[in-house]
Number of protein chains: 2
Amino acid sequence: MHTLAEENYLKAIYKLQLQAENVSTNQIAASLATKASSVTDMLRKLADKLLINYTRYQGVSLTAAGEKVAVNIIRKHRLWEYFLVEKLNFKWDEVHDMAEEMEHISSNELIDRLDKFMDFPTRDPHGDPIPDCDGNFKQNDLKPIAAIAVNSGGIISGVRDHSSAFLQYLEKQQLTIGKKILVKEIITYDNTVILKMDNNDIHISRDVANNLLIAI
Amino acid sequence: MHTLAEENYLKAIYKLQLQAENVSTNQIAASLATKASSVTDMLRKLADKLLINYTRYQGVSLTAAGEKVAVNIIRKHRLWEYFLVEKLNFKWDEVHDMAEEMEHISSNELIDRLDKFMDFPTRDPHGDPIPDCDGNFKQNDLKPIAAIAVNSGGIISGVRDHSSAFLQYLEKQQLTIGKKILVKEIITYDNTVILKMDNNDIHISRDVANNLLIAI
DNA sequence: TATATTTTTTAGACTTGCCTAAAAATACAA
DNA sequence: TTGTATTTTTAGGCAAGTCTAAAAAATATA
Ligand SMILES: [Mn+2]
Ligand SMILES: [Mn+2]
Ligand SMILES: [Mn+2]
Ligand SMILES: [Mn+2]
């Protein structure tokens, strides 16, 4: 149906659009670790196929058709990640690269059966919502720990950084999905956040507080 | 590691080598539905990478390295087929094309865990043996029904033709893996074979008898 | 507003994998 | 063994996707 490169571009544009309606050539280049000139080439192709709205120098946005493709790729990515963790016992920091390949397996029948086999999970191992077979899902309504007030708290429900290094760090601190935390204090000197979890105090840096999301 | 095209060529050469040591350019072209000139191009690349033994006009054979790659692809193909049938409830005639894509998922850790998850199956849905994680397996020692004598028989254990059409036909006649059959009579006029199975008589054509394999 | 900087696009080139057409090598047959 | 048919390779070209370098457009700054 679509090439691997096209699918990767559409997914990248989709994710960038969550931050701002209009996406720039350089943003796409950065997110795909490619060059702006390569992006321009691909944008012309995607526009020809009516998958994006594109006018020279004006940035791009997905059309309804393009968004549908992107959401389907994301559905596949997250379902495969769930499979790898729940059925094959991989850790949450090990699955992203494999899912990056598996999301391009074309059969929708296959992914729908996989969905059923796993009993229709709604969140992937990183807390991200899994679109259903019609592409419906609600975006996470989460806040970074850095954005909430002292003495408030919630349930750890997602991450903003999906890197292995970050996920492994969280694992070691036991700051995993589902844990209940409270912001006890914020050190004004360097913005270190002191959390209370299971009656222990945990110190996390500003960076970590920015990338760890809680449900409100 | 290797490109998708390279992997497909190596697998094709491997399968052709089961028939004869040396494989010709035209055989490869036919089996991949491509042109002889394209094959020649790829043979040079594979020879450069020491995956095949190749001298111009002399045909090719896999090196030990090439065979290892090919067997690994086949292992992945058959394990994914098993997964699709046993876990996702696809029928044996539906899984080949999906497995054709999935066999290129690169992670060996993934396939080894999948193998364990399914409790190390030894045969795929079509009766073909599944290589273990070291690439060891014994080739099927099966005979086409057309090659056995009247009043002998055995257990249906494999197919030579993997096409959807053939598999669906077998399904309809209930000529599936594991069934016990006896060759009752061979009509000399057109080589129709009359089988006895579950106390019923089943008439199959010469073509079918050639493509349906039994354990001896 | 004019100039400098940044962003984006164009121009031209490379690799992979494929094609057609023609040439070369091999195999077959009289 | 010599001519013909078949097989295989070479030559040249194309599409996808990438790159570098240079030009053009947009944006920021003085
Ligand atoms: Mn991921
Ligand atoms: Mn994820
Ligand atoms: Mn198959
Ligand atoms: Mn099979």
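First the proteins, then the strands, lettered A, B, ... as listed; each starts at 1.
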Inter-end axis angle, the helix from C/dT1-D/dA30 to C/dA30-D/dT1, with every axis fitted to five base pairs (rounded, 10 degrees): 10°
Flag if over 12 foreign heavy atoms under 6.0 Å of CD, A/Gln19: no
A/Lys68, NZ atom: more than 12 neighbouring heavy atoms under 6.0 Å: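 Open: at most 12 neighbouring heavy atoms sit under 6.0 Å from NZ of A/Lys68.
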Parallel, tilted or perpendicular, as decided by the 30° and 60° cut-offs, for the rings of A/His77 and A/His96: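 Tilted.
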Whether B/Trp92 and B/His126 hold their rings parallel, tilted or perpendicular, with breakpoints at 30° and 60°: parallel
Which residue lies more 5' along DNA chain D, comparing A/Gln58 with B/Val39 via nearest heavy atoms: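 Whichever sits nearer the 5' end wins; that is B/Val39.
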Phosphate-side-chain proximity, A/Arg56 and C/dT7, N/O vs OP1/OP2 below 4.0 Å: no
Sugar-phosphate, base or nothing in reach of B/Thr40, heavy atoms under 4.0 Å: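 Base contact.
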Validation row: B/Phe117, B/Leu79 side chains within 4.5 angstrom (heavy atoms):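 Counting from C-beta outward, B/Phe117 and B/Leu79 never come under 4.5 Å.
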Interface limits on DNA chain D, where chain A has a heavy atom under 4.0 Å of a nucleotide atom: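 Contacts span D/dA16 to D/dA26, reading 5' to 3'.
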Nearest heavy-atom neighbours spanning B/Pro129 and B/Asn140: CD-ND2, 3.5 Å
Presence of salt bridge, A/Glu109 and A/Arg113, under 4.0 angstrom: yes
Lys/Arg N to Asp/Glu carboxylate O, B/Asp112 vs B/Arg75, below 4.0 Å: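 The answer is yes: the pair qualifies as a salt bridge.
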Spacing between A/Asn26 atom CG and C/dT7 atom P, to the nearest angstrom: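 To the nearest whole Å, that distance equals 6 Å.
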Short side-chain donor-acceptor distance under 3.5 Å, A/Thr192 and A/Asp190: yes
Report, one pair per line, the protein and nucleotides 16-18 of chain C atoms (nitrogen or oxygen only) whose separation is under 3.5 Å.
{"unit_1": "C/dG17", "atom_1": "OP1", "unit_2": "B/Thr3", "atom_2": "OG1", "d": "2.6"}
{"unit_1": "C/dG17", "atom_1": "OP2", "unit_2": "B/Lys45", "atom_2": "NZ", "d": "3.4"}
{"unit_1": "C/dC18", "atom_1": "OP2", "unit_2": "B/Tyr9", "atom_2": "OH", "d": "3.4"}
{"unit_1": "C/dC18", "atom_1": "N4", "unit_2": "B/Asp41", "atom_2": "OD2", "d": "3.0"}

Cation-pi check, B/Lys87 onto A/Phe83 ring (under 6.0 Å, within 45° of axis): no
